[in-house]
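Accompanying notes for the structure given below.
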Amino acid sequence: MKRIEAKWQAYWDTHQTFRVDLDDATASDDSRNHSEPASPQHANGAATGGPSRDARKKYVLDMFPYPSGAGLHVGHPEGYTATDIVSRYSRMRGVQVLHPMGWDAFGLPAEDYAIKTGTHPAVTTAKNIGTFKRQLKSLGFSYDWSREFATTDPEYYRWTQWIFLQLFDTWYDATCVWTGQDGVTRTGKGRPISELPIPHDVAANGVNAVRRYQDQHRLAYQHEAPVNWCPMLGTVLANEEIIDGKSDRGGHPVERVPLRQWLLRITAYGDRLASELDDLQWPDSIKLMQKNWIGRSEGAEVDFFVGEGQDSFKQWSSARKESGFSREPGAEGLRIYTTRPDTLFGVTYMVLAPEHAAVDRLTTAERRAAVDTYRQQAAMKSDLDRTDLAKGKSGVFTGGYATNPVNGEKVPVWIADYVLISYGTGAIMAVPAHDERDLEFATQFGIDVRHVVAPDGQPQSDAPGFFEHGVAINSGGYNGLSTLVFKTKITSDLEANGLGRKAVNYRLRDWLFSRQRYWGEPFPIWHELDSSGVPTGLMRTDPETSLPVLLPEMADFKPTGTPEPMLSKAPDSWLYSTASDGTRLKREANTMPQWAGSCWYYLRFADPKNNRQFIDPAIEKRWLPVDLYVGGAEHAVLHLLYSRFWHKVLFDRGHVSTVEPFRRLVNQGMILGEVEFTGYVVGDASAVAALTGGAGSSANSMNGSTDSTGPRWISVRELTDRVDAEGTAIRVVTKTGEVATAVTLVGDRVEKKGDAFVLKDQPGVVVDSRAHKMSKARGNVINPDVVVDQFGADSLRLYEMFMGPLEAVKPWGMKGVEGVARFLGRVWRMIVDEQSESGIRLSHTVQDCPATAEQLRVLHRTIKAVTRDIESLGFNTAISRMMEFVNDFLAMDARPKSVIEPFVLLLSPFAPHLAEELWQLLGHPSTLAYETWPNHDDAWLIESEFEIPVQLNGKLRGKVTVPADADRETIERAAKADPVIASQLEGKTIVKTIFVPGKMVNFVVK
RNA sequence: GGCCGAGUGGCGAAACAGGCAGACGCACAGGACUUAAAAUCCUGUGUCCCGAUAGGGACGUGCGGGUUCGAACCCCGCCUCGGCUACCA
């Protein structure tokens, strides 16, 4: 088996079997003998593809891996086999297939390794890529390896930097209405910065003022903001890289420190990123996750008056009525954002985020100390502390008051960290009666609760809070309005009075795009320095022609230990330069995040060697978007959102012709470790050892024990999850609090009882039965190399597809691998004579004889089912169909070549090595990779008679066999004539007869 | 807490649009081949009941209701597990 696999892998390599030349669409090779046109499977591509997309092309893409030192994981081949089957199948349908592979190779692990050992990350990366490539090749995937690249290749990151320059050169015109290359008219466009209108007052201040103004509007911009600085990793992290207040990688603590950072204005594309999801063939759950992540909400901005005295409030109000809603709230205004402007009459206090700029102004002298203390504490708190709901809310009164613009009422202004500076305006109006969080806060601090909405408009409400929509009460002239009507009306009333306006907000934040590490793409940006070497804040870009900006060689990879980037330790020759006009320049020393390289790699695969453009527009038009994209759900939000963002910018700037990069997305389910049984023991260590030593006798000795404090097995049902002092998850006995020790049990010590598994010798003890995520710590990781070594690549491929549906989470089972390996053995013996002395040759049962009708029926049934299942990615059932075929044909002594050959073709996408070998033995000189996929003929599926179930009142009572062409009357008569049915019908009347052609007949009787 | 998904034999699963529940595989049991074992092949296998056998019956897709001639599938309520998210006003 191993010999066969190596042979064919070498063959495919030597013959470049899977190389595809994209600019030669009409390529015709002798082996590519197609007699029929490809099936037009993607007629629904109009939404994302242009009208002239070539139906005979298919771009099938895997999410490219990060080549970690650990090598391939069994999760990788799951998706890769699925796309390989689709690719091989599509080629046989006469479709030109682009199926590439490459490496997402920038990132922290290689750099961490460099810090520890001094090995250059490029060395580590190259070594890991070598391992991955060897492993992938050993699985026989039909990649076009001539297109391989890594994101770390200078010739690749040259174009990553080029795209960054596009982002830098673009501003978002939210009001621009335009028609793109896809023929769709939309509002909002990324436009060249040179087209940004410059206000007169800015222009009047000179060239540098204009430059600064432009810099503020670019899609790639610098901004000083609190960032998530992780001292352990020595880098700043994106919000998305922080889980529960700790770093996603390594779980290290994260601090908030202010720093000047690069951000990408992804929020400008929030609307389009949400709405343009609709036409994609993506799982609904992923679309929903992206929409939730973008988190668009509609509401209103409202200014509260924070000046002194009723008179000045009146002046302020009338001035506002005159001038309209201002761009900035001004010194006497406090701007809030709310989604419930209909509850304005229920406001009993206001809350500012601790970092809000107006806090100083509003704080009174006697509250100053308390406010300052609180602000300091809030600044220190990690995100985890801030969001710890269990601890309740915190906040302090500033001493200041704000006046409600709708009723002139003065309400106290607080600061509290449950209001986030980064969302909305960083200030809220609090309506405890109708907002859960405000209610919790108000209850805690004894603030009034005023009801202004009731379910039915009846003022008497005894509930503390009502958070749904309803009918307005206690709201002046608005009483009786339903929530939605009220919202619209008060928003326009506020607008008319210059006090508020409709507003949209997003949970999505701009994307923090700089990292302080070495192993990433350098920015093609220079900072201008003044005569004393201090940055002026003005920037210049590297010209496109000087890209790539290469990483400098460095000997020392130790982090700086401060938020200062690694590359600030680079040699001066790299770091400094002088412009032609004499200006001193310093290089941007941050690097791009790992996401950058993976944001556009799918484009480069179509034109990987192009040294004039990131992709040739003609090639882009023909091959994009990706037709099928398969990968893990862990990238559901970040990678896919970032890619879509970049793609849309490139689209707006005319560099790509489609608005979305990935037409169809499928998420493979995670493969878990083998199912494990876990029992729990209480008692000291020696007792645990005695119980679990495996000796049945010692366990039995505990059987009669009624001593509830001694060492003993304990049911999982009596345990509760806890967290111990060190923060580790433990399980304790619910009643006594004793800590239980987990013991992994072998399968034959347990049995099923009811709906749970119990110990065989102590049926009262329920044990856990679960498959866990594979992890080094648990020791349940399956290495694909071992599986390939033992069972062969075809077995691994087949097993991973046979386990269950591609999208499902499924536990590994080595016995299942044996099962599919046995199946492949049966296929082999169906065709090959193993007994032969003269080496391998065809079995004498495989003959050039005519096929019987029965054999043809089995074949065509199999062709039909396998084809349909591949189209719907139902690989598990496709394999079971082929197993049925083999079971049938092994029972036959004559196996016509005309039936066996199509079967080998059906099998080939799944088990290509075996199939190629069999194909050769059947007398074909070259690869089957471009043979025509078999077609089924329904004519062969017709049977002369069939069995139809007969029901009485919906319950199955018998079956009758009728001729295939029998009409309804004949079938009903036959059903009634059946002895069993007849006896049951006796003495009853048939009220109604349900007849489903080909399915069943049902008599409703009384 | 919120959102999404899933619960079917001892196990992984199948049932395509509401119409024969459990295809296919694993495991197990019995048998054949073998000195023996492995490999391979054959037979059986949801649970319970009646029956010597042939055969027949009842129950059965997490739980409780509902719609329907008919529900694993649709609706309502609940339970359990998994994923995502976590004060976004």
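A, B, ... follow the sequence lines: proteins, then strands. Residue 1 opens every chain. Both backbone and side-chain heavy atoms feed into the values below; hydrogens, waters and symmetry mates do not.
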- Item | Distance test, side-chain N/O of A/S285 to OP1/OP2 of B/G83, below 4.0 Å | no
- Query: Parallel, tilted or perpendicular: which describes the rings of A/F486 and A/F345, with under 30° parallel and over 60° perpendicular?
  - Reply: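 Tilted: the ring planes of A/F486 and A/F345 meet at 30° to 60°.
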Just how far, in rounded Å, is [atom2] of [N] from [atom1] of [X]?
X: A/E800; N: B/A13; atom1: CD; atom2: C1'; value: 16 Å
X: A/F757; N: B/G9; atom1: CZ; atom2: P; value: 10 Å
X: A/L952; N: B/U68; atom1: CG; atom2: P; value: 20 Å
X: A/N953; N: B/A58; atom1: CG; atom2: P; value: 13 Å
X: A/N292; N: B/G2; atom1: CG; atom2: C1'; value: 10 Å
X: A/E436; N: B/A89; atom1: CD; atom2: C1'; value: 12 Å
X: A/K955; N: B/G18; atom1: NZ; atom2: P; value: 23 Å
X: A/M830; N: B/C41; atom1: CE; atom2: P; value: 13 Å

- Query: Between the side chain of A/N953 and the main-chain N/O of A/V1005, is any donor-acceptor distance below 3.5 Å?
  - Reply: yes
- Note on the structure: Letter by letter from the 5' end, nucleotides 22-28 of chain B scores (B base, S sugar-phosphate only, - none; protein heavy atoms under 4.0 Å) -BBSSS-
- Message: Walk along nucleotides 73-82 of chain B from 5' to 3' and tag each nucleotide B, S or - by protein heavy-atom contact under 4.0 Å, base first, then sugar-phosphate.
- Response: ---------S
Describe the nucleic acid contact of [X] in one word from base, sugar-phosphate, nothing, applying a heavy-atom distance below 4.0 Å.
X: A/N1002; answer: base
X: A/M1000; answer: base
X: A/T993; answer: nothing
X: A/R957; answer: sugar-phosphate
X: A/L288; answer: sugar-phosphate

- Item | Whole-angstrom distance between B/C16 and B/C11, as gauged at atom P | 23 Å
- Message: Measuring only the P atom in each nucleotide, how far is B/A15 from B/A23? A whole number of Å is fine.
- Response: 12 Å
Should [X] and [Y] count as an ion pair when the cut-off is N to O under 4.0 Å?
X: A/R861; Y: A/D888; result: yes
X: A/K864; Y: A/D938; result: yes
X: A/R778; Y: A/E676; result: yes
X: A/E884; Y: A/R881; result: yes

Would you say the base of [N] and the side-chain of [X] have a donor-acceptor pair closer than 3.5 Å?
X: A/Q951; N: B/G19; answer: yes
X: A/K999; N: B/C20; answer: no
X: A/K992; N: B/C69; answer: no

Are [X] and [Y] linked by a side-chain donor-acceptor pair shorter than 3.5 Å?
X: A/D510; Y: A/T267; value: yes
X: A/R895; Y: A/T845; value: yes
X: A/R507; Y: A/N292; value: no

- Message: With heavy-atom distances below 4.5 Å as the criterion, would you say the side chains of A/I415 and A/H356 are in contact?
- Response: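 No, their side chains stay 4.5 Å or more apart.
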